[in-house]
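From a predicted model like this one, the values you see are computed outputs, not experimental measurements. Atoms within a ligand are numbered from 1 in the order they appear, just like the ligands themselves. Numbering starts at 1 and runs along the sequence shown.
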Amino acid sequence: MTELSPVSQAALKIDRLPDAQTVTQVTHWTDRLFSFRVTRPASLRFRSGEFVMIGLMGDPDPKTGKQKPLLRAYSIASPAWDDELEFYSIKVPDGPLTSKLQHIKVGDEIILRPKPVGTLVHDALLPGKRLWLFATGTGFAPFASLLREPETYEKFDQVIVTHTCRDVNELAYGRTLVDGLAQDPLIGELVQGKVTYYPTTTRETSPKMGRITTLMENGTLFADLGIDGISPDTDRAMVCGSLGFNIDIKALMESYGLVEGANSDPQHYVVEKAFVG
Ligand code: A2P
């Protein structure tokens, strides 16, 4: 076997083509939020709730003229059975990736590394009766996948999804998805009567105001749903939001006696940070 010289090795690395996928649909939900769908690599297998690295080629280096891929972790918002892949993203005006990504159009290509990972998966939870999905902002994305996953309804009698956003229009993606579940030809029948949607806003008036953490602490959430509370005997939870949100919900889950799980150690609840920036 001939060994490559260090120079050839470097050239190979730079010239390696990224994994390109074609954009098939783009929806702008607000001036801060959009979702898009891309083709799915034939070889990509993933579990609903996992994330992959996606992105675009960055600007050419002013000195060398070389371009490097600009990649970020994104939860796959479509279920494992879907022919395409869906993503839900914030638009950060000066964000290195999202300032560009927000302008993608049907027919454009994005880079997608086909190595799915993540802890918001059924494998990381013990069986239970009720599944809570707690999201803020774009943290709804992995739940958009799990809410369309048949296993969610085969494993749980009830699924309660809470979504806290600043403003009412930021709830639109999640609300549209939940509203469409019952009509879904593949999972509509499985879903019937099992999903409870609990949206809240913190900075604009809506029927339910306040952070979900506050509404749990003061008992409003449980009173509204007619549930005694959260218990490790019956309840399982998945959490996806900002770092502060995840820390606060984690503390609440632990206070109810739930133990954090992982792929290698399934327990009562799992947490993942939503993509930002
Ligand atoms: P708030 O408006 O009180 O900060 P963001 O857009 O900053 O990611 O926030 C999304 C939503 O998550 C907002 O409604 C925000 O409420 C809420 N939020 C942020 N941090 C926490 C937290 N630590 N616990 C509960 N909700 C939070």
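- Classification of the Y256-F222 ring pair by plane angle, with boundaries at 30° and 60°, yields perpendicular.
- Put simply, the side chain of T64 gets close to the backbone of K66: a donor and an acceptor are under 3.5 Å apart.
- Atoms of ligand 1 lying under 4.0 Å from at least one heavy atom of T213, given by number and element, are 24 (N), 25 (C).
- Ligand 1 has an N or O atom lying under 3.5 Å from an N or O atom of C165, backbone or side chain.
- Between F245 and ligand 1, at least one N/O pair is under 3.5 Å apart.
- Close approach to R166 involves these atoms of ligand 1, each under 4.0 Å from a residue heavy atom: 5 (P), 6 (O), 7 (O), 13 (C), 14 (O).
- Sorted by first then second residue, the side-chain hydrogen bond (donor to acceptor under 3.5 Å, both in side chains) pairs that include residues 173-193, not counting sequence neighbours, are E86-Y173.
- Closest heavy-atom approach to atom 27 (C) of ligand 1 within the set E170, R211, M216, R203: this belongs to R211.
- Taking every heavy atom of D248 and a limit of under 4.0 angstrom, the matching atoms of ligand 1 come to 22 (C), 23 (N), 24 (N).
- With a 4.0 Å cut-off on non-hydrogen atoms, T164 touches ligand 1 through its backbone as well as its side chain.
- Taking the charged nitrogens against the carboxylate oxygens, R37 and D82 do have a contact shorter than 4.0 Å, which makes a salt bridge.
- A heavy-atom distance below 4.5 Å is not found between the side chains of V271 and C240.
- Contact between R32 and ligand 1 is present, with at least one heavy atom of the residue lying under 4.0 Å from the ligand.
- Among T138, T202, D167, the residue whose heavy atom sits closest to atom 13 (C) of ligand 1 is T202.
- A salt bridge links D224 with K208: the distance from a Lys NZ or Arg NE/NH1/NH2 to an Asp or Glu carboxylate oxygen falls below 4.0 Å.
- K129 and D233 are not joined by a salt bridge, as no carboxylate oxygen comes within less than 4.0 angstrom of a charged side-chain nitrogen.
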